[in-house]
Enquirer: 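Once you've had a glance at the structure underneath, I'll fire off some questions.
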Amino acid sequence: MRKALRWLLAFTVLIGTLSTAGAATAAEPEATATTDIKDRLLSVPGMSLIEEKPYPGYRFFVLNYTQPVDHRNPAKGTFQQRITVLHKDVTRPMVFYTSGYNVSTTPSRREPTQIVDGNQVSMEYRFFTPSRPAPADWTKLDIWQAASDQHRIFKALKPIYGKKWLSTGGSKGGMTATYYERFYPRDMDGVVAYVAPNDVVNKEDSAYDEFFASVGTKECRDRLNGVQREALVRREPLKQRYADYAAENGYTFDTVGSLDKAYEATVLDYVWGFWQYSLLSDCDTIPADAKNATDDAIWDSIDTIAGFSFYTDQGLEPYTPYYYQAGTQLGAPTIVFPHIERKYIRYGYLPPRYFVPRSIPMTFQPYAMRDIDRWVRHNATRMLFVYGENDPWGAEPFRLGKGARDSYVLTAPGANHGARVSGLVDDERALATAKILKWAGVASTTVQADPKKAKPLAKYDAKLDRRTVERTLRP
């Protein structure tokens, strides 16, 4: 009898929670098209306003949306997920963006949003603070749960924004858009995934080694390799400088295990970091003769590109959710360093387990990315993947198989981790732009007849379209 009552109570709570998104549809007729957009957004059950910020030509809202901690069992509790809405007009398409990390509360517009001259909803990924359940059940941080967060937001806002929807994101955000499409393929009308890594087999990372053996020019590779090696040759004096730097800033190293491990991890990130964020033309900033360079020159180059603060407890803490996912589902690259003698490398490229507090258990699920890869190859529909030629994260890209329809993988020449449609060669840029316009339902008859005529519908806005770069070596 007690068991039956507990089941009935849980079922009642489940129905109540699941009805939240559906209730938005029921509530929408009361909020007509003439109702202020803020009121329409706040009429969605579970939606609350944090703040509204003005921006010319738009309304920008920072909001909280109530989500279940576990979409499979909503009775287990809820948390507040932060989202933003850049509102232009309900008659325009909507772009659903996530970085896969925190959401910015400053008005900004992703490239597809500019191309279609649309609205944009941006989602903070679950477990990135403040969008973290308390207490945090880390087993509920997985790609399906995150995709279900997006699905509920879409269901809640679709009655307001009834035109076509596209999803997009860069790097981990591009991965997120892809996973969302895999689990909820009927939600979006198109997907634009930028620089999305696809680590299908976590233990097989030779593609990255091949990338670093040929990227850029030999002169540039030699400069970078020289500085990286020299930083390990001079480990002891530079480690002392690191210890002084840490003491001055109050940095600690409990998570990674020691200052020595943090030092080596930073140095081993150096070459990767250069190609992720810099261009071939930036090679002139790298010391040409590392062996005769000063300690200051070696330190400054490593710190500028890799950042000695990152592998401290304070640097790692905001990225715990990423490393947890990397160590449980996403996978993480392991690379070798043939230009450095083995005697100088004590730990090698550390796996994600070293960057997550030991109090959080982790078990890797090798089938998760294999499922995604298989689905994309055989089922991708209206999906566009954009990569940068010189971006390390593109060494293992998504690929399309015979089952893919109206989908494309394009690479911007010479581009890094900031690759965009605008950086593609002319024909591919026109094709990608035309497809985005078509999928969003705003392609003109001229563009439909001749895709080479395709151009973004909104003018570039120096503030709204500026890409702020967070120099962290995560995807």
Side-chain angles (χ1 to χ4, degrees), residues 33 37-38 40-41 52-62 83-99 103-123 154 157-158 160-170 173-174 177 188-195 382-386 408 410 412 415 418-469:
I37 188 58
K38 180 168 72 174
R40 298 182 73 181
L41 291 171
E52 179 178 356
K53 295 182 179 180
Y55 197 88
Y58 292 89
R59 301 277 296 278
F60 182 73
F61 303 96
V62 183
I83 68 172
T84 66
V85 174
L86 183 69
H87 169 82
K88 184 176 181 66
D89 195 293
V90 294
T91 65
R92 301 301 304 169
M94 173 63 84
V95 173
F96 199 154
Y97 166 76
T98 176
S99 70
V103 71
S104 172
T105 57
T106 299
S108 66
R109 189 170 62 180
R110 300 297 106 181
E111 187 180 46
T113 312
Q114 181 198 356
I115 289 174
V116 305
D117 192 19
N119 308 285
Q120 180 178 298
V121 57
S122 302
M123 181 190 83
F154 165 72
L157 296 182
K158 178 65 172 177
I160 300 174
Y161 296 97
K163 299 300 181 179
K164 301 284 188 179
W165 281 60
L166 305 178
S167 64
T168 192
M188 297 290 105
D189 298 290
V191 178
V192 186
Y194 295 90
V195 295
R382 296 187 300 278
M383 298 187 73
L384 170 64
F385 296 92
V386 179
Y408 312 86
L410 305 176
R420 295 290 181 265
V421 167
S422 60
L424 296 169
V425 297
D426 291 347
D427 288 349
E428 292 183 348
R429 181 173 64 250
L431 169 67
T433 304
K435 289 296 179 179
I436 292 170
L437 293 170
K438 181 180 178 181
W439 297 341
V442 291
S444 66
T445 54
T446 300
V447 169
Q448 293 180 52
D450 184 3
K452 292 183 179 180
K453 300 288 181 64
K455 295 180 179 179
L457 298 183
K459 293 182 179 179
Y460 178 81
D461 184 308
K463 292 184 178 179
L464 205 59
D465 298 317
R466 182 182 59 187
R467 298 290 174 263
T468 56
V469 176

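What you see below is based on every heavy atom in this structure, not just the backbone, and it leaves out hydrogens, waters and symmetry mates.
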Enquirer: Does some side-chain heavy atom of Thr105 sit less than 4.5 Å from a side-chain heavy atom of Lys53?
Expert: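 Sidechains of Thr105 and Lys53: in contact.
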
Enquirer: Given the rule in the side-chain contact (heavy atoms from CB on, under 4.5 Å) test, do Thr106 and Phe60 qualify, once you have shown the distances and angles that lead to the verdict?
Expert: CA-CA 9 Å; Thr106 299; Phe60 182 73; over 6 Å; no

Enquirer: Is Leu464 close to Pro107 at the side-chain level, that is, under 4.5 Å between some pair of heavy atoms?
Expert: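 Side chain of Pro107 against side chain of Leu464, heavy atoms only: contact under 4.5 Å found.
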
Enquirer: Apply side-chain hydrogen bond (donor to acceptor under 3.5 Å, both in side chains) to Arg429 and list each qualifying residue two or more places apart in sequence or on a separate chain.
Expert: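 side-chain hydrogen bond (donor to acceptor under 3.5 Å, both in side chains) list for Arg429, sorted by chain: Asp426.
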
Enquirer: As a quick check of understanding, evaluate side-chain contact (heavy atoms from CB on, under 4.5 Å) for Ile83 and Val103, giving each step before the final call.
Expert: CA-CA 7 Å; Ile83 68 172; Val103 71; over 6 Å; no

Enquirer: Taking side chain as C-beta onward, heavy atoms only, is Asn119 less than 4.5 Å from Trp165?
Expert: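 No, every pair of side-chain atoms sits at 4.5 Å or beyond.
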
Enquirer: Assess the residue pair Leu41 and Phe61 against the criterion (side-chain contact (heavy atoms from CB on, under 4.5 Å)); give the C-alpha distance rounded to whole Å, side-chain angles, the decisive distance to 0.1 Å, and a yes or no.
Expert: CA-CA 9 Å; Leu41 291 171; Phe61 303 96; 3.6 Å; yes

Enquirer: Which residue pairs pass the side-chain hydrogen bond (donor to acceptor under 3.5 Å, both in side chains) test with at least one member in residues 434-446, sequence neighbours excluded?
Expert: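 Sorted result for residues 434-446: Asp406-Lys435, Asp406-Trp439, Tyr408-Lys435.
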
Enquirer: Which pairs, with at least one residue in residues 451-460 and sequence neighbours excluded, count as a side-chain hydrogen bond (donor to acceptor under 3.5 Å, both in side chains)?
Expert: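 Output for this query is empty, none listed.
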
Enquirer: Any heavy-atom pair between the side chains of Tyr97 and Ser104 that's under 4.5 Å?
Expert: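 No, too far: nothing below the 4.5 Å cut-off.
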
Enquirer: Can a donor-acceptor pair be found between the side chains of Arg109 and Tyr58 at a distance below 3.5 Å?
Expert: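 Looking only at side-chain atoms, Tyr58 and Arg109 do form a donor-acceptor pair, the distance falling under 3.5 Å.
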
Enquirer: Using side-chain heavy atoms (C-beta onward) and a distance below 4.5 Å, is Phe96 in contact with Leu157?
Expert: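 A side-chain contact is absent here, since even the closest heavy-atom pair is not under 4.5 Å.
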
Enquirer: Are the side chains of Leu431 and Leu424 in contact, using a 4.5 Å heavy-atom criterion?
Expert: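 No, side chains not in contact.
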
Enquirer: Are side-chain heavy atoms of Ile436 and Val192 found at a separation under 4.5 Å?
Expert: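 Yes - at least one pair of side-chain heavy atoms lies under 4.5 Å apart.
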
